[in-house]
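Okay, so here's the structure we're looking at.
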Protein chains: 2
Amino acid sequence: MTMKIDPQSSADLSAQIAQAIRDAIISGQLIVDERLPSESELADQFKVSRPTVREALKRLAAQSLIRTQRGATGGAFVNRLSFEDAYSQQVTTSTLLLSMNAVNFDTACEARYALERACAPLSAQRRTADQLATMRAEIFRQAQPGLTDEAFCASDVAFHRALVDGAGNPVLSYQLAGAVEAMQPLMNMITFTARSREQIIALHTAIADALETQDARKVDAALVKLEVYTRQLAQDVAEKRRKPA
Amino acid sequence: MTMKIDPQSSADLSAQIAQAIRDAIISGQLIVDERLPSESELADQFKVSRPTVREALKRLAAQSLIRTQRGATGGAFVNRLSFEDAYSQQVTTSTLLLSMNAVNFDTACEARYALERACAPLSAQRRTADQLATMRAEIFRQAQPGLTDEAFCASDVAFHRALVDGAGNPVLSYQLAGAVEAMQPLMNMITFTARSREQIIALHTAIADALETQDARKVDAALVKLEVYTRQLAQDVAEKRRKPA
DNA sequence: CAATTTTTATTTGTCTGACATTTAAAAGTC
DNA sequence: GACTTTTAAATGTCAGACAAATAAAAATTG
């Protein structure tokens, strides 16, 4: 395994080295659980100092591409990117993307429900009894009177996540992670208008009922209603903000 | 702005510091384009050495959360995460996730088409003439006899990306990035059975025609056919591999 | 005085060398 | 043979230095 960096490039050495190793992983030259050379050896290979190598390795660690272990048999190992890791990265990225770019609420909402509706038919077909039970439990929690707005939102996310997971497709669950979870802070702006809870619970119940009877069309209809209702709420809030009675 | 790290924690100092700064960005304590304290100042604040601070900053840079600039007025600045950055991160993550986890082809295929079909109705409604022209051009390219398999695949991706972008929803385009682009290496396993090109081009043409007349149902029908066809091909390849005539 | 050039201060990028800590294997001991 | 101790290798952290880039400040010049 020899990796090279371009001596012409103007970029940081640590960035170049990280990219070289990243490429080796993506192309399969380095396989899962394989141990990278030690930091000193890498420093020799790339003709740079150990701190520079370390900065490169930290970049890769931040992307969960490698993991490091101390001790005699330690070192940096190519990490198997788990669905869980990918999932949480996706949520972080989506959250930042939405919060930093002042994304129009309607745009985010449209995307989220379009994707969720894509899961609905599969979920109606395959949802397990366990996932259905999770959804019922979350609906029950949402009906508790003392629930804070944050807890209601968290429960809302858990409900929709169960719906998505019901499709029984981990790739789909992963792809939807950002769409569902990153919406939470945006939804927070809205749900503080507390009277909406009954309506939302009713629609959640409709969804759960339809999933129980495996009626994909009814699930879709309820999701559409939920989307319409959510957007209506957002519009009301925006209006109220424009002319605060 | 004061940030703290837990002196009890066993994790790497650089990881803890990165997390502290990351939290400050996510929570809005640090806003876009704000300059972080210099590396020396951060080292003093966190009571660690400069190399440790630098490792933390490189972790954040790997996630495009900050950018650095040298010179008198330089430093580390909170970076506005662009759709483009998020898009390419998503593609990298999805590609690695699929290649490292031996994801079942059917699973990936199902997810990809489920998501793409979610875009279809919006795209039928809103696609611009420009996007339609892109799709026609890619179909034309795909019909060229001398085209390599790699180029055909790339054109295929470009075609589907135009379809997704037709929905006119940047959040949706971002979310779909992984689903569409990360499939390319998996598709490569299949398209080397060259005779399938005509069939694919016919279905692409059907999609473009339906989008031109804004007929969402026809788009959906063509996408379903494309999914069925793709999965059939994969099955054939798998079968041929089991008993190589 | 205005324009240009030079200097200077600040900040990141990189290097060297050292020590601390963790860990597993090797060596030693009973 | 089972247990303890030692050792070696690796990452984690530190201190201090110099290089390179960059913009502002100062000096120079027409």
Side-chain angles (χ1 to χ4, degrees), chain A residues 1 3-22 25 30 33-79, chain B residues 1 3-22 25 30 33-79:
Chain A
M1 253 306 309
M3 291 174 284
K4 285 270 171 62
I5 56 176
D6 177 13
Q8 304 291 316
S9 171
S10 62
D12 289 357
L13 286 174
S14 71
Q16 290 180 60
I17 291 168
Q19 191 59 52
I21 299 175
R22 191 179 296 116
I25 294 174
L30 289 168
D33 292 334
E34 185 172 341
R35 185 179 169 285
L36 295 169
S38 75
E39 294 175 353
S40 310
E41 286 170 329
L42 285 171
D44 289 345
Q45 273 187 38
F46 287 113
K47 297 192 183 17
V48 298
S49 66
R50 194 159 82 95
T52 302
V53 167
R54 282 181 62 79
E55 286 176 13
L57 293 179
K58 295 314 166 199
R59 295 178 116 109
L60 299 173
Q63 297 180 298
S64 303
L65 292 186
I66 61 169
R67 60 178 186 278
T68 55
Q69 220 174 354
R70 288 170 75 159
T73 58
F77 297 83
V78 177
N79 193 39
Chain B
M1 254 306 309
M3 292 174 284
K4 285 270 170 65
I5 56 176
D6 177 13
Q8 303 292 315
S9 172
S10 62
D12 289 2
L13 287 174
S14 71
Q16 291 180 59
I17 292 168
Q19 191 58 52
I21 299 175
R22 191 180 294 115
I25 294 174
L30 289 168
D33 292 335
E34 184 171 342
R35 184 179 171 284
L36 295 173
S38 74
E39 294 175 353
S40 310
E41 287 171 328
L42 285 172
D44 289 345
Q45 274 186 37
F46 287 112
K47 299 195 184 9
V48 298
S49 66
R50 195 158 82 94
T52 302
V53 167
R54 282 181 62 79
E55 287 177 11
L57 294 179
K58 295 313 165 201
R59 295 178 116 109
L60 299 174
Q63 297 181 298
S64 304
L65 293 186
I66 60 168
R67 60 178 187 278
T68 54
Q69 218 173 353
R70 285 168 77 160
T73 58
F77 298 84
V78 178
N79 193 39

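Residue numbering restarts at 1 for every chain, and letters A, B, ... go by the order of the sequence lines. Predicted model, so just to flag it, every value in this text is computed and none were measured.
A pairwise comparison of heavy atoms in A:I66 and A:L57 identifies CD1-O, 3.4 Å as the closest pair. Between A:A20 and A:M3, the shortest heavy-atom contact is O-SD, 3.8 Å.
If you take CG on B:L42 and OG1 on B:T52, they are separated by 12.0 Å, rounding to the nearest 0.5 Å. The NZ atom of A:K58 lies 4.5 Å from the OG1 atom of A:T68; values are rounded to the nearest 0.5 Å. Going from atom CD1 of B:I21 over to atom CZ of B:F46 covers 5.0 Å, rounded to the nearest 0.5 Å. Separation of atoms CD (B:Q19) and CG (B:D12) is listed at 13.0 Å; rounding is to 0.5 Å.
Judged purely by atom type and a 3.5 angstrom limit, A:E55 has no side-chain atom pairing as donor or acceptor with the backbone of B:R54. B:R35 places a side-chain N or O within donor-acceptor distance of the main-chain N or O of B:G74, the cut-off being under 3.5 Å.
With a heavy-atom cut-off of 4.0 Å to chain B, the contacted part of DNA chain D has its first and last nucleotide at D:dG12 to D:dA23.
Rounded to 10 degrees, the angle separating the terminal helix axes of the helix from C:dC1-D:dG30 to C:dC30-D:dG1, each built from five base pairs, is 20°.
Exactly one of B:V78, B:L60, B:D33 qualifies for a side-chain contact (heavy atoms from CB on, under 4.5 Å) with B:R67. That residue is B:D33.
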Q: Determine, stepwise, if the pair B:E41 / B:D44 fulfils side-chain contact (heavy atoms from CB on, under 4.5 Å).
A: CA-CA 5 Å; B:E41 287 171 328; B:D44 289 345; 5.6 Å; no
Q) What string of B, S and - do you get for nucleotides 8-16 of chain C, 5' to 3', if B is base contact, S is sugar-phosphate-only contact and - is no contact with any protein heavy atom under 4.0 Å? A) --BBBBBBB
